[in-house]
> 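Before I ask anything, let me first share the structure, which is written out below as structure tokens.
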Amino acid sequence: MSSFFSVIIPTYNRADILPIAIASVINQKYQDWELIVVDDGSSDNTKEVVKAFDDPRIQYVYQENAERSAARNNGIGLAKGQYIGFLDSDDQFHEKHLEGLCR
């Protein structure tokens, strides 16, 4: 079953701040989403940070460093949602962000 929203977070060596972005998706009032975190060749513990969330709606994908646009395109190729949105790994959604897009 596909989600209404596919949220894609491209990231590179931001394991220290990435949990804030991920938590802002998890804490959405509107819960019909999937999250695709595309690790663009990080050398830190990004994979472990993402896997620690233990939510079946979160997918971690690793790719060799190819820059942010390639990471976004990779996420788009994996997305199953009706709509696609992007969130930078150093940013966060307001808790009603996705809900507001449904109106």
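Everything numeric here is computed off the predicted structure, so don't read it as measured data.
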> Decide yes or no for Ser89 and Tyr12: does some side-chain heavy atom of the first lie under 4.5 Å from some side-chain heavy atom of the second?
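No, side chains not in contact.
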
> Tell me whether Gln59 contacts the main-chain N or O of Glu34 through its side chain, where contact means a donor paired with an acceptor under 3.5 Å.
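No.
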
> Minimum heavy-atom separation for Ser24 and Ala21, please, with both atom names.
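Heavy atoms only, the tightest pair is OG-O, 2.8 Å.
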
> Do the non-hydrogen side-chain atoms of Ile36 and Ile9 ever get within less than 4.5 Å of each other?
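Result no, sub-4.5 Å side-chain heavy-atom pair not found.
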
> Does the pair Phe93 and Val7 meet the rule for a side chain to side chain contact (heavy atoms under 4.5 Å, CB included), with working shown?
CA-CA 11 Å; Phe93 282 162; Val7 179; 3.9 Å; yes

> Kindly work out whether a path of hydrophobic side-chain contacts (I/L/V/M/F/W/Y, heavy atoms less than 4.5 Å apart) joins Val61 to Val50.
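No; tracing contacts between hydrophobic side chains, which count when under 4.5 Å, never links both residues.
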
> How are the rings of Phe5 and Tyr83 set relative to one another: parallel (under 30°), tilted (30 to 60°) or perpendicular (over 60°)?
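Geometry flag for Tyr83 against Phe5: tilted rings.
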
> Can you find a heavy atom in the side chain of Gln31 that is under 4.5 Å from one in the side chain of Arg57?
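Side chain of Gln31 against side chain of Arg57, heavy atoms only: contact under 4.5 Å found.
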
> For atom CD of Glu48, is the number of surrounding heavy atoms from other residues, nucleotides or ligands below 6.0 Å larger than 12?
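Atom CD in Glu48 is crowded, with more than 12 foreign heavy atoms closer than 6.0 Å.
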
> Under 3.5 Å, side chain of Ser6 to main-chain N/O of Ala79, donor-acceptor pair present?
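The answer is no, because no donor-acceptor pair under 3.5 Å joins these two groups.
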
> I'd like to know if Arg68 pairs up with Asp40 as an ion pair, taking the criterion as any Lys NZ or Arg NE/NH1/NH2 lying under 4.0 Å from an Asp or Glu carboxylate oxygen.
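No salt bridge links Arg68 with Asp40.
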
> Would you call Leu87 and Val25 a side-chain contact if the rule is heavy atoms closer than 4.5 Å?
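Yes, side chains in contact.
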
> Is any side-chain heavy atom of Ile26 closer than 4.5 Å to one of Ile58?
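In contact.
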
> Show the nearest heavy-atom pair for residues Val49 and Pro19, with the distance to one decimal.
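Heavy-atom minimum between the residues: CG1-CG, 3.6 Å.
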
> Decide if atom CZ of Arg72 counts as having more than 12 heavy atoms of other residues, nucleotides or ligands within a radius under 6.0 Å.
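Yes, because the 6.0 Å sphere around CZ of Arg72 holds more than 12 heavy atoms from other groups.
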
> Going only through I, L, V, M, F, W and Y residues with side-chain contacts under 4.5 Å, is there a path from Ile84 to Leu78?
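Both belong to a single hydrophobic cluster.
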
> Quick one: do the Gln63 and Asn74 side chains pair a donor with an acceptor below 3.5 Å?
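A donor-acceptor contact under 3.5 Å links the two side chains.
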
> Which residue is it: Thr11, Leu18, Asn13? I am looking for the one with a side chain to side chain contact (heavy atoms under 4.5 Å, CB included) to Asp44.
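Only match with Asp44 under side chain to side chain contact (heavy atoms under 4.5 Å, CB included): Asn13.
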
> Can you find a heavy atom in the side chain of Ile76 that is under 4.5 Å from one in the side chain of Phe86?
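Yes - at least one pair of side-chain heavy atoms lies under 4.5 Å apart.
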
> Shared ILVMFWY cluster between Ile8 and Leu98, side chains joined below 4.5 angstrom?
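In one cluster with Ile8: Leu98, no.
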
> Between Thr46 and Arg14, what is the shortest heavy-atom contact and its length?
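Closest pair (atom of Thr46, atom of Arg14, distance): OG1-N, 4.2 Å.
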
> Which heavy-atom pair separates Ala71 from Pro10 by the least distance, and what is that distance?
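Scanning both residues completely, I find the closest heavy atoms to be CB-CB, 3.7 Å.
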
> Do Tyr62 and Phe53 sit in one hydrophobic cluster, given that two such residues count as connected whenever their side-chain heavy atoms are within less than 4.5 Å of each other, even indirectly?
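Yes, same cluster.
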
> As an exercise, state the distance from CD of Glu95 to CG of Asn27, rounded to the nearest 0.5 Å.
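Separation between the atoms: 8.0 Å.
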
> Indicate the atoms forming the closest heavy-atom contact of Gln28 with His94, along with that distance.
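Smallest heavy-atom distance, with atoms named: NE2-O, 2.9 Å.
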
> Measuring from Glu99:CD to Asp32:CG, what's the distance to the nearest 0.5 Å?
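If we round to the nearest 0.5 Å, Glu99:CD and Asp32:CG are 13.0 Å apart.
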
> Taking atom CD of Gln92 and atom CD1 of Ile22, what is their separation to the nearest 0.5 Å?
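Result: 12.5 Å between the selected atoms.
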
> Please tell me whether Tyr60 and Asp39 have a donor and an acceptor in their side chains that are separated by less than 3.5 angstrom.
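The answer is yes; a qualifying pair exists.
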
